[in-house]
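Here the structure comes first, spelled out in structure tokens, and everything after it is commentary.
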Number of protein chains: 2
Amino acid sequence: MRFSKKSEYALRALTELTEHYGRDLLQRQQIAEQQHIPIEFLEQILLALKNAGLLASRRGVTGGYSLIKPPHEITLGQVIRILDGPLAPIACVSKTAYQKCSDCPYAEQSGHEACPIQDVMLNVRNAISDILDNYTLSDFAKQSKGHGSHANHSLR
Amino acid sequence: MRFSKKSEYALRALTELTEHYGRDLLQRQQIAEQQHIPIEFLEQILLALKNAGLLASRRGVTGGYSLIKPPHEITLGQVIRILDGPLAPIACVSKTAYQKCSDCPYAEQSGHEACPIQDVMLNVRNAISDILDNYTLSDFAKQSKGHGSHANHSLR
DNA sequence: GCATTTGTCGAGTTCTTCAGTTAACTTTTG
DNA sequence: CAAAAGTTAACTGAAGAACTCGACAAATGC
């Protein structure tokens, strides 16, 4: 039940980019060094984030990447879905990529008796996305600076 | 961010075993047929559950498996950890299998400035285990019978 | 305009895990 | 002792994770 390195690296790279938001461009190499991420691997992560519309880039000697949207509009859920796919722990409870369980004996019978597993897993999915879809990059940056000042609106 | 088939099959097999708790033994084959699980794969799952102390077994012609503990004492969290390992989405927030992030620039510095990622991921981990460690096999069975009667104590 | 520096793109590589299979056991019962 | 069950370990094929490489395209600046 792990997130991939891709997601983790993406979040780390985005914290760097958040700190430079509205100011200057950051180059792959700078990010890679700051965050100890293999540069060629980071490259494809940045590309994915760019294709997803989160980053802008410029080529050439003064090139680099920058956030294209304000940090408080980018949620961790968005980022992780870009790199790892849906958050749901099993496919039959995914909102973004639902798939009927092929072999579950409870799946889609006529009387549509609820699958007990599906029921819990939906709770799990919702708990995860409640946190990750309400936590933005700006929350991130706040915390890494003034450690402790974060409101923690993801847990009651 | 998915649970494995092993975990899913384990939960499905355990619902069968829960229904027979305190009565008779269930054989691999019966479980496999009821739940459409490949029998040889199911076998290693049942073995893992047995080695973890959840099941008893008997060999021979009248053999089979049975729950060794009452269903209300077995949580889904226990089961999933047996087959999939820790629930934590990244290793540095696992209670059962903590590992220091090797490359994270925030990890364990002298002033131990908190890692912002670690902070959110700990919330995620706790949200998941709040659900899975409080949901037992007996909750499961209740729901698959009288669908809808389950108290749902895992979400507020 | 050519060299240098950066990003872009596609493919390849290595390693591990997932999901399932096979085969050689041991134990129990009739 | 044969048949039916569980036990154990090893094996395999496919997929995914985590990088790596090489050729290319655009921007800069002398």
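Below, chain A is the first sequence line, B the second, and so on; all start at residue 1.
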Original post:
In whole Å, what is the span from the OH atom of Tyr9(A) to the C1' atom of dT20(D)?
Top reply: 14 Å
Original post:
Can you check the Lys6(A) NZ to dT20(D) C1' distance for me, whole Å?
Top reply: 13 Å
**OP:** Could you pull out all residues at least two apart from Arg2(B) that satisfy side-chain hydrogen bond (donor to acceptor under 3.5 Å, both in side chains)?
**Re:** none
**OP:** With sequence neighbours excluded, give me every salt bridge (charged side-chain N to carboxylate O under 4.0 Å, His left out) pair touching residues 82-94 of chain B.
**Re:** none
**OP:** Let me know the distance between CZ of Arg2(B) and P of dA17(D), rounded to the nearest Å.
**Re:** 11 Å
**OP:** Go through the structure and list residues passing side-chain hydrogen bond (donor to acceptor under 3.5 Å, both in side chains) with Arg59(B), not counting sequence neighbours.
**Re:** none
Original post:
Can you pull the salt bridge (charged side-chain N to carboxylate O under 4.0 Å, His left out) pairs that have at least one residue in residues 67-79 of chain B, sequence neighbours excluded?
Top reply: none
Original post:
CD1 of Ile45(A) versus C1' of dT20(D): gap in Å, rounded?
Top reply: 13 Å
**OP:** Would you mind reading off the distance between Leu25(B) atom CG and dT28(C) atom P, rounded to a whole angstrom?
**Re:** 13 Å
**OP:** Could you identify which residues of residues 80-94 of chain B place a heavy atom less than 4.0 Å from some atom of DNA chain D, listed by residue number, or say none?
**Re:** none
**OP:** Name all residues meeting the side-chain hydrogen bond (donor to acceptor under 3.5 Å, both in side chains) criterion together with Tyr21(A); count only those two or more places apart in sequence or in a different chain, and write none if there are none.
**Re:** none
Subject >> With Phe3(A) via ring pair (Phe, Tyr, Trp, His ring centres under 6.0 Å) - residues at least two apart >> reply: none
Original post:
Given Ser129(A), which of Leu87(A), Leu76(A), Thr96(A), Thr75(A) fulfils the side-chain contact (heavy atoms from CB on, under 4.5 Å) condition?
Top reply: Leu87(A)
Original post:
Gln35(B) and side-chain hydrogen bond (donor to acceptor under 3.5 Å, both in side chains): which partner among Arg12(B), Gln30(B), Glu8(B)?
Top reply: Arg12(B)
Original post:
How close or far is atom P of dA14(D) from atom NZ of Lys5(B), stated in whole angstroms?
Top reply: 19 Å
Subject >> Euclidean distance, atom CZ of residue Phe3(A) to atom P of dA18(D) [Å, nearest integer] >> reply: 13 Å
Original post:
Expressed in angstrom and rounded to an integer, what is the separation of Leu42(A) atom CG from dT6(C) atom P?
Top reply: 14 Å
Original post:
Tell me the side-chain hydrogen bond (donor to acceptor under 3.5 Å, both in side chains) pairs involving residues 46-58 of chain A, sequence neighbours left out?
Top reply: Lys50(A)-Ser57(A), Arg58(A)-Thr62(A)
Contacts under 3.5 Å, N or O only, protein and nucleotides 5-8 of chain D:
from   : atom 1 : to       : atom 2 : distance (Å)
dA5(D) : OP1    : Gln27(B) : OE1    : 3.2
dA5(D) : O4'    : Gly60(B) : O      : 3.2
dG6(D) : OP1    : Arg28(B) : N      : 3.2
dG6(D) : OP2    : Arg28(B) : NE     : 2.9
dT7(D) : OP1    : Lys50(B) : NZ     : 2.6
dT7(D) : OP1    : Ser57(B) : OG     : 2.7
dT7(D) : OP2    : Tyr65(B) : OH     : 2.7
dT7(D) : O4'    : Arg59(B) : NH2    : 3.4
dT8(D) : O4     : Glu43(B) : OE2    : 2.8

